[in-house]
Amino acid sequence: MRLNAAQQEAVDCIDGPCLVLAGAGSGKTRVIIAKITSLIRDHGFLPRTICAITFTNKAANEMKSRLRADLGEEVAKEIWISTFHSLGQSILRAEHARLGMGRDFTLYTDHEVHNVLRDIIREHFPQYAEKEGEQGAIQSALAAIARWKGALVAPPDVAPRDLNSMIYERYDSYLKSCQAVDFEDLISLSTALLRDHEDLAQKWGRAFEYVLVDEYQDTNETQYQLLRQLTSVHQRFTVVGDDDQSIYSWRGARPENINSLAGDYPGLHVVKLEQNYRSTRRILNCANTLISHNPHLFEKRLFSELPEGERIELVACDDEQAEAAFVAADIQRLTFEGGLRHSDIAVLYRGNYQATPLESAFKMAQIPYVVSNGDSIFDHPEVKDILCWCRLIANPKDDQALLRVINIPNRRIGADTIKALRLCATLNGNSIYETLLDPRTESSLSPAQMKALSGFIVTLSTLRGFLLARKDATLVDSLVHHLDYERYIKANSSTAKSAEFKLRLVSDVMAMIGRQVAGKRGEAKVPFATAVSRLLLRETLERREDGTGGNVVQLMTLHASKGLEFPRVYLIGLEDGVLPNRNTMEDAYQGLEEERRLAYVGITRARASLCLSYCTTKKIRGQVQPLMPSVFLTELPEGDLQRINPRRTRQLASIRGLDDVLAMLRE
DNA sequence: CAATATCTCCTTTTT
DNA sequence: GGAGATATTG
């Protein structure tokens, strides 16, 4: 498809910094792809000097496959396409020595970070937990630490010494003793590294002659700093963003980074994309009217030359079961009679928990569906166990992994033994692994305990010797085999069938690691530790069925829907307290604005047809409670809405309208 | 030390 | 109304 004037302008601006303000559906992905293609074909950039950064793996994969289609496998695989986090991980793995870390450091997930902080507070600051409640203390420490890391302040440099700063210090040294980093470290340590080492700043600044950032409004402080450093040598980059779609401020995103650019780069070229190619004029009008209730950083007016389209449907249901049943019945109507494919449809909602009633209604109606970001293969305890074994093999200092698997399979190592071990470890500031090997430890434990522990040490060192020597996919089989994991799972499963299921999950995950280590699929061979932390970053999830693949309805949160589009969209749960979510209202009106943007993102996912629904009652904590419709419904243009009675089956007439619109969209 | 019963927190979004 | 952590038994 041809580019319009503004899109072409954005593609052609290559000599300096370029900011593209891209409204929803204005073809920003097309611009990014066209620009990368043009950089390579028309301007002689080498593919490996181009770096494109996205926020989700989903977006990165999408970009990869589109570039593969345009440029071919050979060229496309050379381009650096990654999320900020995985780029940070690459930098840290390459430069680990400067940080005084081994190459095989571990990535701690939020869950582990939470547990670490909980243990620190329990052990060293019990009065803190008593005063604020344990959860409150953890939350407060977590927020403070995130703030310091975001501002690149190391524990010794924290100015007013308070409780949180002491926790920060303990936390930091604990992570170091485990040779572990957290998600935020992937970026903040990379940034600090380039800040403190001029040669590295030069090296990485030269590596990328052109940098592109998608969803720029979602960058936080450190990500912006990293971008500045990566582009410091050539000063050539394009960032694409839309402040109306900023929905991650809760994790530190600063849409103001859009404004900072103009100050930091006086030569900044700004391009606005205001023509929407995605949605009917009615859908766009709804979206525009809703978002006009928010203040704006940049004035922009989205317009569309597409047909007016059908009115937006508005459905009031009795409760969430009725709502789910309505959506299911409506989808059946549209697919049986309306000729819509299941994959043309998405159901969007605020929280993951809202998927449950939909799932049961869809199962009942035999509607094929996928829940994205729903329960992942990595959430199964058996998979977590085996992954912790992998982490431990790569990095034995990884205390959190060690504590999880020290008694898996059963080795008769119990709570008392672990308690004694941890005491020794904290006393010497060592990891538990080091403590196990320390001769001084023996005096603190009984002979029986020592015997059980030495069994564990032998197993671990055998596995390390065995696995780290291998560079092929068989290593994963040998892990399961050596642990006698099959027997362990069978012993802990109620039925043979569930044991089989669990083993299947485990071997799937191990196959993912095996593929990377062996360098299958034309990808580069990857060290064991990297392969494992890619799983923790969820980088290697099996590719989603795209279009042709699974013909299924997609269920997802509004956050997960960003960047996607569907002919028919259901946006459910438009109740006061749900969307806008009650818990976000604390930070005054800021919260409401972000919730409104969330609704805006949902509405603008729809191409031809949109259905909004809400419930008048819902079961909350077991109690049925009445609910008010969302304020956002009152902010939509009345004339573009059409109330639907969920109890009455509808006529084909309304489907024909949809058909026409779809046909015009396909032109 | 392991298996079962009871309690407590939380249900916002994700790399 | 559910998961996960802790207390209580065998």
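Labels below follow one simple rule: chain letters A, B, ... track the order of the sequence lines, proteins then strands, and each chain is numbered from 1. Keep in mind that this is a model prediction, so the values were computed, not measured. What's counted below: heavy atoms across the whole structure, side chains too, no hydrogens, waters or symmetry copies.
Ion pairing between A:E486 and A:K490 holds under the 4.0 Å rule for side-chain N and carboxylate O. Salt bridge status for A:E595 with A:R582: absent, with no side-chain N to carboxylate O gap under 4.0 Å. Ionic pairing of A:K619 and A:E320 is not present here: no N-O contact between side-chain nitrogen and carboxylate oxygen is shorter than 4.0 angstrom. Between A:R251 and A:D218 no salt bridge is recorded (no basic side-chain N to carboxylate O distance below 4.0 Å). Between A:E575 and A:R350 no salt bridge is recorded (no basic side-chain N to carboxylate O distance below 4.0 Å).
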Going by atom type alone, with no hydrogens or angles, which donor-acceptor pairs under 3.5 Å involve a side-chain atom of residues 416-425 of chain A and a protein atom two or more places apart or on another chain?
from   : atom 1 : to     : atom 2 : distance (Å)
A:T417 : OG1    : A:Q449 : NE2    : 3.0
A:R422 : NH2    : A:D119 : OD2    : 2.9

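Taking atom CG of residue A:L142 and atom P of nucleotide B:dT14, one finds them 17 Å apart after rounding to whole Å. Note: CD1 (A:I408) to P (B:dC1) measures 15 Å, nearest angstrom. Atom pair A:L598:CG and B:dT12:C1' shows a separation of 9 Å (rounding to whole Å applied). Atom CD1 of A:I247 and atom P of B:dT14 are 9 Å apart (whole Å). A:H85 places its NE2 atom 13 Å from the P atom of B:dT14, with the value rounded to the nearest Å. Summarising the geometry, the separation between CG on A:D110 and C1' on B:dC10 is reported as 16 Å, rounded to the nearest angstrom. Between the C1' atom of B:dT14 and the CZ atom of A:F55 lies a distance of 11 Å, rounded to the nearest Å. Taking atom CD of residue A:E320 and atom C1' of nucleotide B:dT11, one finds them 13 Å apart after rounding to whole Å.
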### Task
Let me have a per-nucleotide readout for nucleotides 1-10 of chain C, 5' to 3', with B, S or -, counting only protein heavy atoms under 4.0 Å.
B---SS----
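Taking the P atoms as reference points, B:dT13 lies 15 Å from C:dG4, given to the whole Å.
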